[in-house]
Amino acid sequence: MNFLNKVKSAVGMGGTSNAKVREFVDESAELAQPDRVVWITGEKDQIEELRKEGCKTGELIKLNQEKLPDCYLHRTAVNDVARVEDRTYICTKEKDAAGPINNWMDPKMAYELCHEIARGKMKGRTMYVIPYSMGVVGSDFAKYGIEVTDSIYVVLNMCIMTRVGDDVLEAIGDEGDFIKGFHAKCDIDPEKRYIMHFPEDNTIISVNSGYGGNVLLGKKCFALRIASYLGKNEGWMAEHMLILGITCPDGTKKYIAAAFPSACGKTNLAMLIPPEHYRKLGYKIECVGDDIAWIRVGKDGRLWAVNPENGYFGVAPGTNEHSNFNALASTKQGTIFTNVALNTDDMTVWWEGLTPNLPPHCIDWTGKPWDPSKYNKKDKSTCAANPNSRFTAPAKNCPVVSPEFDSKTGVPLSAIIFGGRRASTTPLVYEARDWNHGVFVGSAMSSETTAAAAGAVGVLRHDPMAMKPFAGYHMGDYFQHWIDMGKKISNPPKIFNVNWFRTDEDGNFMWPGFGDNMRVLEWILKRCEAKPIEAEETAIGFVPKADDIDLEDMNYEIAPGRKFTKADLETILAVDKDRWAKEADEIENYYNTAIQSRIPKELWDCLETLKKNCKD
Ligand code: SAT
Ligand code: MN
């Protein structure tokens, strides 16, 4: 304890005698030289103090406490609104371990670079120490972290998104291990922004950003990048997946995990409200998680999944009481909004799609008065809310949070779904022939880019298992890990691929999505039964017979006056062999150029089968 003795004041010492914890905190303080060090307990009074302090510094704006109790608004810097994939690094001793898709930096260089950037940057400021758990504290799934940060916004978000408190320090104990996370805002300089991962040292460093995915280190950095590396070594999986539970008409409950790239509707699917016809039949969906799943093999030979998070960091634009009633309800209390618009008439929040009418008096996400008369849907620069604006809401707020949310053992998976945004080619749903083919389907995923990451939007790119930005090691080894996991499960979930985003020649969405996705989930469940309903075997896998997707009381108009018909369903279920032959070439090219030598043989075999099937 050297530096900690020198700080002007230290509040709490975390009551831990774990030398590694104290050493990490001491070293971080020595580097960044804060005036004060405050240990976070997550207790109500402390959170209230921090909210007050945040309002004083301008980091937070207190919202209407009658309409939105304990809710606050935060604005990031305008150049700091999304994850920065080009500045995110995996720092392993060997470059090859990070693989060809990740940015790599030599760990020694990376430490030096970040230390140089962060040195003395907390002078005059407070360094907060957040002990947190990913997963239920004390459960077999749980892994612990300590994040130090000079951002009140980060502290308050981490207190929603993770389980924070002294019980975490107790669980780490005197000897236990934890993931070290160092975050310093520094100057929010985009040229010196780095999100560094050191999987071999259980360490994360993030500098010069204040945006969620870059700084809430428990989330993508730990629960996916570091955890995927740990999972490979320890025989489990960390995946970019929602987990939902479905109660069926006969009262049984089934669980499904689904991987989609960021901002492709995971939160919407996870909390879906089935159409009335399904509700009457007795179907009900409950949300276990909306973004991340940690998955282990159970004694029964099935895969069991937990959501390691404690809240939702959801995309705000487009969320409304029809598109996602449950997500909106989750934001009504104890929520932090980031980069949405402030409705100054009643000090509430607004974003595009929240209400059909545009509120007359808003401050936009950059802090300027917003002129609704200039609003043009197609021009993002006229939006009141940033396209990647977010809400951070406690999971327990969700009206349909699963009773299994806090389960220490997790839930058994009947199905895994992959999905992306594909305007063409990929049908509404298809089922892989077996586990290895399912791994192939996941490895071959492509999706159009979204505002969740900095860079162009709407560009088709490969995003295997929706993990391109999140796998903490070589993507070829990651595929191999999936293949190896398959060998350990005697009762594997079935694997499906869905595409809610098919468009017609005019660019209209052909499938309604949202609650109507229940129609596809029903078919998926029926394929998971001991005696599955029949399906069409096609070049790419099993596709539903059009009659087996229930269209009862579906009132969707693809375009004004153009009702969705069974013929449209047939169009989006069709498998076009010529297009798939091209897709197969595309996949081959991706394997060869992007992932290079480490594609498992099982996947090459599946590719050969696909090519052959497209010719037959
Ligand atoms: O910004 S986050 O990475 O936390 C959200 C996302 O992009 O999925
Ligand atoms: Mn995500």
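Heavy atoms only: backbone and side chains are in, while hydrogens, waters and symmetry mates are out. Start at 1 and go down the list; that is how both ligands and their atoms are numbered.
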Quick one: do Arg422 and Glu448 satisfy side-chain contact (heavy atoms from CB on, under 4.5 Å)? Show the steps, please.
-> CA-CA 7 Å; Arg422 293 296 303 265; Glu448 291 156 25; 5.5 Å; no
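- Residues satisfying the ring pair (Phe, Tyr, Trp, His ring centres under 6.0 Å) criterion with Trp435, sequence neighbours excluded, are Trp482.
- A donor-acceptor pair under 3.5 Å is absent between the side-chain atoms of Thr203 and the main chain of Pro199, judged by distance alone.
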Between ligand 1 and the protein, which N/O pairs are shorter than 3.5 Å?
| residue | atom | partner | partner atom | Å |
| --- | --- | --- | --- | --- |
| ligand 1 | 1 (O) | Tyr211 | OH | 2.8 |
| ligand 1 | 1 (O) | Gly213 | N | 3.3 |
| ligand 1 | 3 (O) | Arg83 | NE | 2.7 |
| ligand 1 | 3 (O) | Lys220 | NZ | 3.3 |
| ligand 1 | 7 (O) | Arg83 | NE | 2.9 |
| ligand 1 | 7 (O) | Arg83 | NH2 | 3.0 |
| ligand 1 | 7 (O) | Ser262 | OG | 3.0 |
| ligand 1 | 8 (O) | Lys220 | NZ | 2.4 |
| ligand 1 | 8 (O) | Ser262 | OG | 2.7 |

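- Both cation-pi conditions hold for Arg87 and Tyr194: the charged atom is under 6.0 angstrom from the six-membered ring centre and inside a 45 degree cone around its axis.
- Between the side chains of Ser262 and Arg83, at least one donor N or O sits under 3.5 Å from an acceptor N or O.
- Listed by chain and residue number, the protein N/O/S atoms under 2.8 Å of the Mn ion (ligand 2) are Lys220 NZ, His240 NE2, Asp291 OD1, with waters left out.
- Inter-residue side-chain proximity for Met467 and Pro464 is flagged as unmet; no heavy-atom pair is nearer than 4.5 Å.
- Note on Asp80 versus Lys185: no salt bridge recorded, every NZ/NE/NH1/NH2 to OD/OE distance being 4.0 Å or above.
- Listed by chain and number, the residues in a salt bridge (Lys or Arg N to Asp or Glu O under 4.0 Å) with Lys192 amount to none (sequence neighbours excluded).
- The pair Asp86-Arg193 does not meet the salt-bridge criterion, since no charged nitrogen lies less than 4.0 angstrom from a carboxylate oxygen.
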